[in-house]
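Here is the structure we will look at.
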Amino acid sequence: MAPKMAVRMLGTLALSGGLSLIGIGATGTTTSTATTVAVHARRTVKTRVTAAWPITSIAAGSNGKGYLVAAEDGGIFNFGGAAFEGNTYTDGLTGLSGAHPLNAPIVGMAAEPAGTGYWLVAKDGGVFNFGGAKFAGSTYSYGITGLSGAHPLNAPIVGIIPTPNGGGYWLIAADGGVFDFGNAKFYGSTYSQGHTGLGGSNPISGRIVGGVATPSGNGYWLVSSTGAVYNFGGAANEGDTASKGYTGLGGSHPLPAPIVSIAADSAGTGYWLVGSDGSVYNFGSAVYSGDVPSLPTPGKSSAGGSGQNNTTVATTQAPNVTTTHQNPPPPSSLLNPTTNISANPNYYSSCTNAVDGGQSANSVACEQSAVAAINTGRADQGLPAMSLPNNFYQLPAIDQLFVLVNEERVSRGLVPVYGLSSSLNALAAQGSSANTDPPISQSTFSTGPWALGLYANWAEDFSTAGSMYDWMYNDGWGGTGNTSNLACTSPTSSGCWGHRANILVSNSSGYTPVMGAASINESSLGGWIGFESDATVLTEVANSELHSVSYSYTWSQAVAAGANPQT
């Protein structure tokens, strides 16, 4: 019997009661096919997924009043007198799901310099203009087919930089690519400096996470997650974190957290970098005025920064759990596979034999076979085999799920999930015990210091690694009757690859991912022996609140036990 995973997208929970949105941009479709794999005849493999869309960016409001906040689905929230000029929904798009979805999440926002409107930019290079902000083109205008297709981007878009007079803008990609539109002049990209993107013989350091133009618009800077600064045109290089003695995200003197953004001072001869922990680093004429770790947290210890370019992480801040990559991960590893990847070895067959031999769900032999299938999927995306903790096969199933999630995240350059939250474990268990999605609602966010974005997956499979395989490598369109993901109803359905997106979600600046997990044998639920009901929920916690959460297992424990996610 062909595998069948049920997936349910519950929509934009984080935006409930919010404003409507709009957008314009090119559209494209990707067709995926899959080889049918036989499944144990007594039960089909199923999965479900729940998604809510977090905030990704902020921009100054119209007429210099207030500010606007944008979410991944194109939702806009206006505050302090900032005028709402529309969002992707008011353009007829249905967020990241529905009848007319966005092709990709919104990743950046910029205000029109005169204060009359704003732009949104999506991960695939689509641009959406509102109010007085003029549409000058998108990557599709150059013949690029978004994140897939015949002529795809080399790497996802991460931001948009307007020109000083609002007559154009630059889009910047994670590999250092720069795309100019309108009156924005192209001054070069990391490739024009001899770098080979995120891989090759001379890769950039880390992934590009932000950029800013000079006040005159005669150049721009790009910054990477490791603190490397790349300057172009009239933008002078005033230094980077390495020039202050930091060894990127590893080495003898590492940054306490990844760099997430850059801002230029009004003189155009200096800039600030900020890390995800709130540390601020100043260069050139930019004056240091403090950082988030040096500020007290009400009701908590305020031990923290002292002096310029603070590197001491306060007791209420996230410790350095960032993974250093010996080689940058290939940019394609963050993209969805073009088709479902056939399980090799066929763990369905191996696990069926184990169950028929009297073994229960998540037996070591079954789990090892599913892990091998995951490694085949990773190799297809240019990633090495996972290096699991020495005690992985002796860990509880929920700890195994946590380790597998992080192995997939960190090998792709994403921030690792800090730990398994006890309260989120309980939430996941509610879904697992009911063979359905964890019961997420707005009240969920009152149970802890969670960010307003929560991602939940559910699966029924032979083992935890089997569930992870289906979420990561078997989540697309496989044809009528052969598609595991029931929300993936056609090759272009917005529900396709929803589980994978929930695992590989990027963290917000100043927040650290945390998760919950549950795994219950179906036999205890009156189901078939040999299957288990697995669920995960992933959200974020402000770094200042990270240590107020109770954890049952952490990434630091996994690394101490031998997890080695370096590529």
Side-chain angles (χ1 to χ4, degrees), residues 107-108 153-159 161 170-178 187-212 219-233 235-264 270-277 279-284 286 309 311 320-334 382-384 409-416 506-507 509 564-567:
V107 294
L153 287 162
N154 290 334
I157 297 298
V158 297
I161 308 170
W170 297 271
L171 303 187
I172 55 176
D175 64 343
V178 176
Y187 294 105
S189 68
T190 57
Y191 288 88
S192 63
Q193 293 182 347
H195 295 284
T196 51
L198 292 171
S201 59
N202 187 25
I204 60 174
S205 174
R207 296 172 64 82
I208 297 300
V209 294
V212 65
Y220 41 81
W221 295 274
L222 305 183
V223 64
S224 80
S225 59
T226 62
V229 175
Y230 302 90
N231 59 301
F232 304 90
N237 191 323
E238 303 291 349
D240 57 21
T241 56
S243 66
K244 292 184 179 291
Y246 296 97
T247 51
L249 292 173
S252 59
H253 188 200
L255 287 165
I259 298 300
V260 294
S261 188
I262 181 174
Y271 43 81
W272 300 272
L273 309 185
V274 64
S276 64
D277 65 337
S279 295
V280 174
Y281 309 85
N282 63 305
F283 302 90
N309 303 313
T311 61
N320 180 21
V321 292
T322 303
T323 300
T324 300
H325 296 278
Q326 295 173 343
N327 296 299
S332 60
S333 67
L334 277 171
L383 295 172
R409 286 179 61 84
V410 297
S411 61
R412 292 171 168 83
L414 298 175
V415 172
S506 298
N507 66 299
S509 174
N564 181 14
Q566 293 184 354
T567 59

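The backbone N or O of Asn282 lies less than 3.5 Å from no partner atom in the side chain of Glu238, so there is not a single donor-acceptor pair.
A ring pair (Phe, Tyr, Trp, His ring centres under 6.0 Å) with Tyr271 is found for exactly one of Phe283, Tyr281, Tyr230, Tyr220, namely Phe283. Considering Val229, Val212, Thr241 as possible partners of Val223, the one that fulfils the side-chain contact (heavy atoms from CB on, under 4.5 Å) test is Val229.
Between Thr247 and Pro254, some side-chain heavy-atom pair lies under the 4.5 Å cut-off. Pro330 places a side-chain heavy atom less than 4.5 Å from the side chain of Leu383. For the pair Val178 and Leu222, the minimum side-chain heavy-atom distance is below 4.5 Å.
Take Leu153 and apply the side chain to side chain contact (heavy atoms under 4.5 Å, CB included) test, not counting sequence neighbours, and it matches Thr139, Ile144, Leu147, Ile157, Phe179. Checked against side chain to side chain contact (heavy atoms under 4.5 Å, CB included), Tyr191 has the following partners two or more places apart in sequence or in another chain: Asn154, Asp175, Ser189.
Here the closest non-hydrogen pair linking Thr190 and Gly177 is OG1-N, 4.4 Å. Closest heavy-atom contact between Val107 and Gly159: CG2-N, 4.5 Å. Here the shortest heavy-atom pairing between Ala235 and Trp221 reads CB-CE2, 3.5 Å.
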Taking only distance into account, with no hydrogens and no angle test, what donor-acceptor pairs under 3.5 Å do side-chain atoms of residues 198-210 form with protein atoms, sequence neighbours excluded?
residue : atom : partner : partner atom : Å
Asn202  : ND2  : Gly194  : O            : 3.0
Ser205  : OG   : Thr226  : OG1          : 2.5

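With values rounded to the nearest 0.5 angstrom, Ser279 atom OG is found 8.0 Å from Ile259 atom CD1. Here NE2 of His253 is found 8.0 Å from CG of Leu255. Values are rounded to the nearest 0.5 Å.
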Subject >> Steps toward side chain to side chain contact (heavy atoms under 4.5 Å, CB included) verdict (Leu414, Ser506) >> reply: CA-CA 7 Å; Leu414 298 175; Ser506 298; 3.9 Å; yes
